[in-house]
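Notes to accompany the following structure.
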Amino acid sequence: MTTVDLEFDQLNSTVDALRRSISNRMMYGVGKDAVTAHPHDWLHAAALAVRDRLVARWMKTTRLQYEQDVKRVYYLSMEFLIGRTFTNALLALGIHDQMRDALASLGVDMQALTDIEPDAALGNGGLGRLAACFLDSMATLGIPGFGYGIRYEYGMFRQEIINGEQVEAPDYWLRAGNPWEFPRPEIKYMVHFGGRTVQRGEQVEWIDTEHVNATAYDTVIPGYATDATNTLRLWSARATDELDLGAFNRGDYRNAVDTKNMSENVSRLLYPDDSTQAGRELRLRQEYFFVSATMQDLIRRYQRTHSTFGRFSEKVAVHLNDTHPVLAIPELMRLLVDIHNLSWDKAWKHVTQIFSYTNHTLMPEALETWDVEMLARLLPRHLEIIFEINAQFLKHVSEQSGHDAEMIRRISLVDEYGQRRVRMAHLAIVASDKVNGVSKLHSQLMTRDIFADFAQLYPDRFTNVTNGITPRRWLAQASPSMSSLIDQHIGSHWRSNLFELEQLRNLRTDSGFIDAFREAKRQSKLRLVHRLAHHTKLPFNPDALFDMQVKRIHEYKRQLLNLLHVIVRYNQIRANPEHDWVPRVVMFAGKAASAYRMAKTIIKLIGDVGQKVNHDPLVGDRLKVVFVPNYGVSVAELMIPAADLSEQISMAGTEASGTGNMKLALNGALTIGTMDGANIEICDAVGRENIFIFGHSADEVDDLRASGYRPRQVYEENAELRMALDQIRTGFFSPDDPLRFSDIFHTLVDWGDHYMVLADFAAFAKAQAEVDARFVDKRAWTESAIENVAGMGQFSSDRTIGEYARNIWHVSSLNLE
Ligand code: 26Q
């Protein structure tokens, strides 16, 4: 190791300097010249030129973190839904226009480049995108935070719609190389599986294991308008032996590579969220693989500047994004006790001060559990540790609150009903200093229902931190027309302090501003219409009401409620074509889990309804129904700014928070929604008169269920609803296959309508009529839209991260001097 300082160029970001950097990166990084360069080469060269400008800040941040011996936050998540990085990095650095001009001077259109950058889609939906927004906010606030996850080779599948049906295609996002990541092959840890444990004196040894290496890939996470940067470290699996040499020497080349491939499969692909997943062994391997590497890495980082574990829990906070990384708890116990020779009690004390856990769902069937047998086979030492934690926990509870056998059975880390399973949420709660829900309602219901026993035992452990979204991506980047309008009136500081948007309230009656606001929205609608022209051959009226439901396809989110209303509206238009209907384009987008039959049938039904409605000459442009394929971060950035109406219509008590609701309101869409998740807080923030609330509340849902909900009765008593349901049942939309949707009918009418679609239908239709009435009054509509934008301050993920830092992690910002 040398201690000589490097002599590198200080990079400035004038147009000339950028052009020179791009040219150098093209020559020496990509190895091409302007004649041979393809668009992807230009993107690569430009991305490297941008990345170069982040590195000095990154080094500075790291150096200051060590100098200040700061407490670090480790945000563990199986998912990071980052999307594209190019524009985001340009905006963080404040060099967007310079780069555009530099590329133009090289004869390259920047927009065309940004459009070919693949999304880093290493997540399913809300939970993964939340992690990405949090990284952005941690960096922007200067919180020393590290994202840790898996570098999946295949991210979220690409959704194609063929004959109206979802067809999944693999997302090999690394095909053209990833200019943003720094491979760190020297940073590697061995991760063990299988084998058995033996007692040697006081110590336990885990032996006869198979193993795989985890190697690191680092990505710089720039903060907005600050020198602070953070790191996202993703692990990739490497076989510990390059090839199975035994097989290789026997000339059995096939088996020699198979062994290697098998062990490297662990970081191959992202599992789609099936909600009711039968635990798959490869998924368990993934979860353990990533937390083991992460815990080894954070211990090593701590030990670089500390000679004992005395201050470990003062310097480290580990956050669990749902239970997916919960094996970090027994893994850290194992490392501290078996490898670093701490006593059990000392180790446990650290662990319980270090960990915190966010729950993202109330639905019991979505809570993770793992079969004890599988754990015993794959992670025998961890199972012993979990049993020991459980024994001590249950003993403690019995001593404290008397021996209530039924309660003990309910809270045990092991579910003993039927096949024994470890309840990962219980493990997370027992070991965590803080447990939070993601909206006020969700946090209340969490302590009232699914974790009631724990909330009684540890009332101070439970708290709420309502989700947020980063305004950098979801307004500044997604909507150039709206952001520049806002900049003209209140300056640009809202990007760092979203509460500044409150100043827009004063402008809500300014007709000049109202017109300009409407024009900004119209620009985004035209942009979307233009892009959709490639996919659908339909004409869209940009002055129609753009009504959007964009999110994963799931019964609890009730795309069917929306669609039933579309059908009823269609029938009304046909029955009364002379009426002055408010033109609407109803858009759906979202992926269905590959194994979720009903969700896939819902996509097909949306397509079939669209076929009928869109080609009915009696309807014209008064109603259009579109399914936009392949919803993801980039499609969201295109769609959300174009929305007039945001559909947030889950059955109350099922959507933990929602974050799409925040993105749409921030972009000036009005919400039609139930009193669920963060909708309740959005309603408070924008004012009851600027949102369309309908339907049963969570308490009313409980009451209705308790008193005996009879969906068939609703069906029989509501003629318009009955007609729509009968059309679904009898093949009106699917004459080629009349029975295609009969299960949808029966689910709603005969099989209990679990998510109470029919119970909320009438109220939903009434709220939709109010939407129409408001939209006709352009001025009133736009005033409400402005109130929505103005009220979004509290939904910045900067506010969210501030609360985590203060109340949960107890960390402060780095001093940047
Ligand atoms: C579990 C086991 C095996 C395979 C996959 C999974 C899995 C993966 C992803 C289970 C759940 C998820 C994702 C859940 C999710 O996105 N939840 C959403 O989190 C958002 C952020 O807090 C909330 O706003 C949404 O309300 C919530 O649905």
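In listed order, ligands and their atoms are each counted from 1. For the single chain, residues carry numbers from 1 onward in sequence order.
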Exercise. With a 4.0 Å cut-off on heavy atoms, does Gly677 reach ligand 1?
Worked result: no
Problem set entry | Nearest candidate to atom 24 (O) of ligand 1, where distance is taken over non-hydrogen atoms, out of Ala678, Gly658, Gly126, Ser439 | Gly658
Exercise. Arg552 near ligand 1, heavy-atom distance under 4.0 Å?
Worked result: no
Problem set entry | Tyr152: partners by side-chain hydrogen bond (donor to acceptor under 3.5 Å, both in side chains), with sequence neighbours left out | none
Seminar exercise, completed: Counting from 1 in the order shown, the ligand 1 atoms closer than 4.0 Å to a non-hydrogen atom of His360 are 19 (O), 21 (C), 22 (O), 27 (C)
Exercise. If you measure every N/O of Leu127 against every N/O of ligand 1, is any gap under 3.5 Å?
Worked result: yes
Exercise. Which atoms of ligand 1 have any heavy atom of Ala656 under 4.0 Å away?
Worked result: 26 (O)
Exercise. Polar-atom distance check: Gly128 versus ligand 1, any N or O pair below 3.5 Å?
Worked result: no
Seminar exercise, completed: Going by the 4.0 angstrom heavy-atom rule, the piece of Arg280 near ligand 1 is neither
Seminar exercise, completed: dist Gln549:CD -> Ile672:CD1 (nearest 0.5 Å) comes out at 10.5 Å
Problem set entry | Gln648 side chain to Ser646 side chain, donor-acceptor N/O pair below 3.5 angstrom | yes
Exercise. Any N or O of Ser657 that comes nearer than 3.5 Å to an N or O of ligand 1?
Worked result: yes
For this session: Within a distance under 4.0 Å of any heavy atom of Tyr556, pick out the atoms of ligand 1 and give their elements.
Result: 28 (O)
Exercise. Taking the six-membered ring for Trp, are Tyr804 and Phe134 ring centroids under 6.0 Å apart?
Worked result: yes
Exercise. Would the Tyr172 and Tyr154 ring centres measure less than 6.0 Å apart?
Worked result: yes
Seminar exercise, completed: When rounded to the nearest 0.5 Å, the distance separating CD of Glu287 from OG1 of Thr323 is 7.0 Å
Exercise. Going by an N to O cut-off under 4.0 Å, is there a salt bridge joining Arg558 and Asp753?
Worked result: no
Problem set entry | Test side-chain hydrogen bond (donor to acceptor under 3.5 Å, both in side chains) applied to Asn467 - qualifying residues, sequence neighbours left out | Ser657
For this session: From atom 25 (C) of ligand 1, work out which of Met78, His442, Glu655, Arg129 has a heavy atom at the shortest distance.
Result: Glu655
Seminar exercise, completed: Closest to atom 21 (C) of ligand 1 by heavy-atom distance, out of Val438, Asn124, Asn467, is Asn467
